[in-house]
Amino acid sequence: MSDNSTEKKSVAKTRNFIHELVEKDLLEGKNNGRVHTRFPPEPNGYLHIGHAKAICLDFGTAEKFGGKCNLRFDDTNPSKEDQEYVDSIQEDVRWLGFDWEDRLYYASDFFDDLYNFAVRLIKEEKAYIDDQPADLISQQRGTPTKPGTESPYRNRPIEENLDLFERMKKGEFQNGHCVLRAKIDMTSPNMHLRDPLMYRIMHAEHHRTGNKWCIYPMYDFAHGQCDYFEGITHSLCTLEFEVHRPLYNWFADQLADGDYRPRQIEFSRLNLSYTMMSKRKLLQLVEDKLVNGWDDPRMPTISGMRRRGFTPHAIRNLVEKVGITKTEGMVDIAVLEHAVREDLNKSAQRVMGVLDPLKVIITNYPEGEIEMMDAINNPEDESAGQRKVPFTRELYIERDDFMENPPKKFFRLAPGTEVRLRYAYFVKCENVIKDENGNITELHCTYDPASRGGNSPDGRKVKGTLHWVSATENVEAEVRLYDRLFSVEDPANQKDTDFRTLMNPDSLIVLQKCYIEPFVKEAKPLDYFQFERLGYFNIDKDSNNEKMVFNRTLTLRDNWTKQMG
RNA sequence: UGUCCCAUGGUGUAAUUGGCAACACGUCUGAUUUUGGUUCAGAAGAGUCUAAGUUCGAGCCUUAGUGGGACAACCA
């Protein structure tokens with residue numbers, strides 16, 4: 001009902017500077033009113049939350065203007081790429097809720113077209129083969145402040161270039177023997193225009209084209225051209241490609257016949273505090289086994305976040321909250337966490353679990369009796385219904401829900417005080433049992449039979465309501481608690497420090513024996529829950545009936561813990 | 001000795017030039033609550049990097065500074 005108005009509001013808020021540029025193009029009648037974008041990952045790693053921003057923007061912009069968005073794998077460097085990544089990327093994009101329909105492309109689909117285009121440029125004296133080694137070419141390129149100098153091979157005759165290029169393709173040369181360069185301007189203030197490389201020799205097996213090719217196009221020569229071949233109108237990318245734009249346009253001008261030109265527009269990438277978003281470094285974490293794979297719940301990868309219990313809706317919501325600009329900033333991880341809690345609070349099934357058990361014996365409750373208490377599945381959603389929770393003489397409560405010498409404003413159980421066991425009874429602590437070391441081993445309590453369901457007919461109130469689990473009727477589970485992987489706000493930007501030393505040693509805590517109400521037996525992997533008063537959890541993908549494993553997605557906000565410092 | 005980009009509360013974003021700036025997160029109060037959650041009510045917090053200019057009027061336009069970032073991979 002009110003959902004409609006919030007929907008409208010959020011759609012209106014999605015407007016950004018890219019939408020304005022697209023609207024302007026449309027108004028000027030460019031591209032026959034077409035809007036066509038693409039999401040172009042290189043399959044050299046798993047997608048992370050930063051990619052989610054690009055995905056939402058690419059697909060979102062197309063959708064907003066009734067256009068289309070392609071998925072394209074930018075697979076021009078076979079030495080780093082792999083089919084595993086191709087598969088995971090598709091799974092993750094779909095999971096986020098986007099659909100490229102039948103428009104799945106690979107840069108490698110266009111290798112022939114790119115080759116032909118290169119030949120054309122050679123014939124037009126706009127490209128040449130350079131036989132110099134990499135370091136010499138690099139030297140001649142100059143620096144950002146000093147102009148470059150021309151290669152001695154720059155004015156090679158067309159026929160010789162054609163011949164050499166063909167022999168490059170045929171595999172007559174070894175890696176690094178020569179390259180194809182565009183002939184532009186070695187004195188340009190823009191480094192990328194100083195005769196950029198178009199092709200290099202790489203004798204490597206490609207995950208799709210196998211050994212068909214031993215020369216591969218460079219990013220600048222492939223990307224814009226693929227945009228052109230696919231009919232992309234707006235090529236959205238991150239800020240670091242801003243300086244590439246003149247080159248992007250130069251190639252487009254050489255290639256284009258009519259009026260149609262793809263247009264590159266840049267936006268700032270997502271930076272999240274305490275989060276590492278470099279594929280290279282994430283790969284290193286995986287390879288060094290500092291995490292348990294790309295989908296480790298601590299990873300900022302889409303697959304890791306999925307396993308952790310984050311929802312696609314929450315991730316898309318974060319992207320919307322963060323907005324699209326060219327300002328490079330650092331988004332507080334709290335914004336993401338808020339988006340997750342906001343979503344989970346509305347949708348998560350409530351359940352009671354005890355992570356650190358303290359046994360409670362209800363001395364005046366009959367031994368062997370099991371009472372099924374009614375519990376609400378989700379107070380935010382009446383349609384979620386109710387369930388039964390078994391209540392018995394012996395129970396577990398959370399160890400820190402009891403204090404022998406409670407400070408003021410402690411609402412929970414203490415000697416002589418009365419609290420409510422949620423959905424069950426009022427109980428009063430009569431006796432504290434300790435072992436020889438003085439550690440509390442169990443509590444003896446009495447219950448008020450008249451308070452069944454959690455209210456006393458005499459109207460008396462209690463300060464606290466505790467969650468609990470029957471000590472005999474329960475599910476035993478392993479629970480994994482996660483904290484941030486890095487303990488510094490900007491782990492990517494610590495110069496001179498190995499980022500691995502910045503990792504939080506307490507980022508993963510495994511609790512072996514925890515007790516959860518029987519209800520969870522019916523759930524399946526990746527289902528998520530809110531454990532009353534403890535936080536959001538989901539069932540790990542590796543969980544099974546013999547061993548249930550839960551991941552803690554996030555804690556609940558907790559004022560009491562905050563007060564305690 | 002360059003070229004390009006950016007600059008609004010702590011953070012991220014808004015603001016047809018025309019009432020000294022709005023929203024979200026975070027923070028802090030208070031109320032309600034069978035989750036110290038949620039919800040609700042409220043508060044604090046910037047005068048828009050600086051300077052000059054245009055204008056009756058500038059966060060927005062101009063110029064010059066300042067600060068930050070990108071660019072010198074046979075990576076993308």
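Every chain is numbered from 1, with letters handed out A, B, ... down the list of sequences.
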Taking the basic N atoms (NZ, or NE/NH1/NH2) and the acidic carboxylate oxygens, is any pair closer than 4.0 Å for [X] and [Y]?
X: A/Asp131; Y: A/Arg156; value: yes
X: A/Arg38; Y: A/Glu230; value: no
X: A/Arg350; Y: A/Asp381; value: no
X: A/Lys463; Y: A/Glu418; value: no
X: A/Lys428; Y: A/Asp448; value: no
X: A/Arg208; Y: A/Asp109; value: yes

Using both distances under 3.5 Å as the test, list the Watson-Crick or G-U wobble partner of [N], or none.
N: B/rA22; answer: B/rU13
N: B/rU33; answer: none
N: B/rG67; answer: B/rC6
N: B/rC61; answer: B/rG53

Practice problem: Name the orientation of the base relative to the sugar in B/rG47: syn if the glycosidic angle is within 90° of 0, else anti. | Solution: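 Syn conformation for B/rG47.
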What nucleic acid atoms does [X] come within less than 4.0 Å of, heavy atoms only: base, sugar-phosphate, or nothing?
X: A/Gly454; value: base
X: A/Gly329; value: sugar-phosphate
X: A/His244; value: base
X: A/Ala134; value: base
X: A/Glu489; value: nothing
X: A/Val179; value: base
X: A/Lys409; value: base
X: A/Phe241; value: base

Over how many whole Å does the gap from [X] atom [atom1] to [N] atom [atom2] extend?
X: A/Asn190; N: B/rC5; atom1: CG; atom2: P; result: 11 Å
X: A/Asp75; N: B/rC75; atom1: CG; atom2: P; result: 15 Å
X: A/Asp381; N: B/rU39; atom1: CG; atom2: P; result: 15 Å
X: A/Asp401; N: B/rG37; atom1: CG; atom2: P; result: 14 Å
X: A/Asp220; N: B/rA72; atom1: CG; atom2: P; result: 10 Å
X: A/Met330; N: B/rG12; atom1: CE; atom2: P; result: 9 Å
X: A/Asn378; N: B/rU39; atom1: CG; atom2: P; result: 13 Å

Exercise. State whether A/Tyr128 and A/Arg181 meet the cation-pi test: NZ (Lys) or CZ (Arg) under 6.0 Å from the six-membered ring centroid, and within 45° of the perpendicular axis.
Key: no
Does any donor-acceptor pair link the side chain of [X] with the base of [N] at a separation under 3.5 Å?
X: A/Glu328; N: B/rG12; answer: no
X: A/Arg350; N: B/rU35; answer: yes
X: A/His192; N: B/rA70; answer: no
X: A/Arg341; N: B/rG37; answer: no
X: A/Gln530; N: B/rU35; answer: yes

Quiz item: What do the steps show when you test A/Met218 against A/Arg200 for side chain to side chain contact (heavy atoms under 4.5 Å, CB included), and what is the final call?
Solution: CA-CA 7 Å; A/Met218 302 289 292; A/Arg200 79 287 212 182; 3.6 Å; yes
Quiz item: Applying the ring pair (Phe, Tyr, Trp, His ring centres under 6.0 Å) test to A/Phe221, which of A/Tyr228, A/Phe117, A/Tyr216, A/Tyr115 qualifies?
Solution: A/Phe117
Per [X] side chain, nearest of listed nucleotides [options]:
X: A/His338; options: B/rC71, B/rG37, B/rG26; result: B/rG26
X: A/Val243; options: B/rA14, B/rA76, B/rA70; result: B/rA70
X: A/Arg200; options: B/rC74, B/rG36, B/rU35; result: B/rC74
X: A/Arg141; options: B/rC25, B/rA76, B/rC74; result: B/rC74
X: A/Glu380; options: B/rU35, B/rC74, B/rU38; result: B/rU38

Quiz prompt | Nearest-Å distance once atom P is located in both B/rC6 and B/rG45 | solution =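 Here B/rC6 and B/rG45 have their P atoms 32 Å from each other.
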Quiz item: Is there aromatic stacking of A/Tyr219 against B/rA76, centre distance under 5.5 Å, plane angle under 30°?
Solution: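 No; centroid distance or tilt outside limits.
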Quiz item: Between A/Tyr105 and A/Phe110, how do the two ring planes meet: parallel, tilted or perpendicular, split at 30° and 60°?
Solution: parallel
Strictly under 3.5 Å: I want the nitrogen or oxygen pairs between protein and nucleotides 40-43 of chain B, one per line.
none

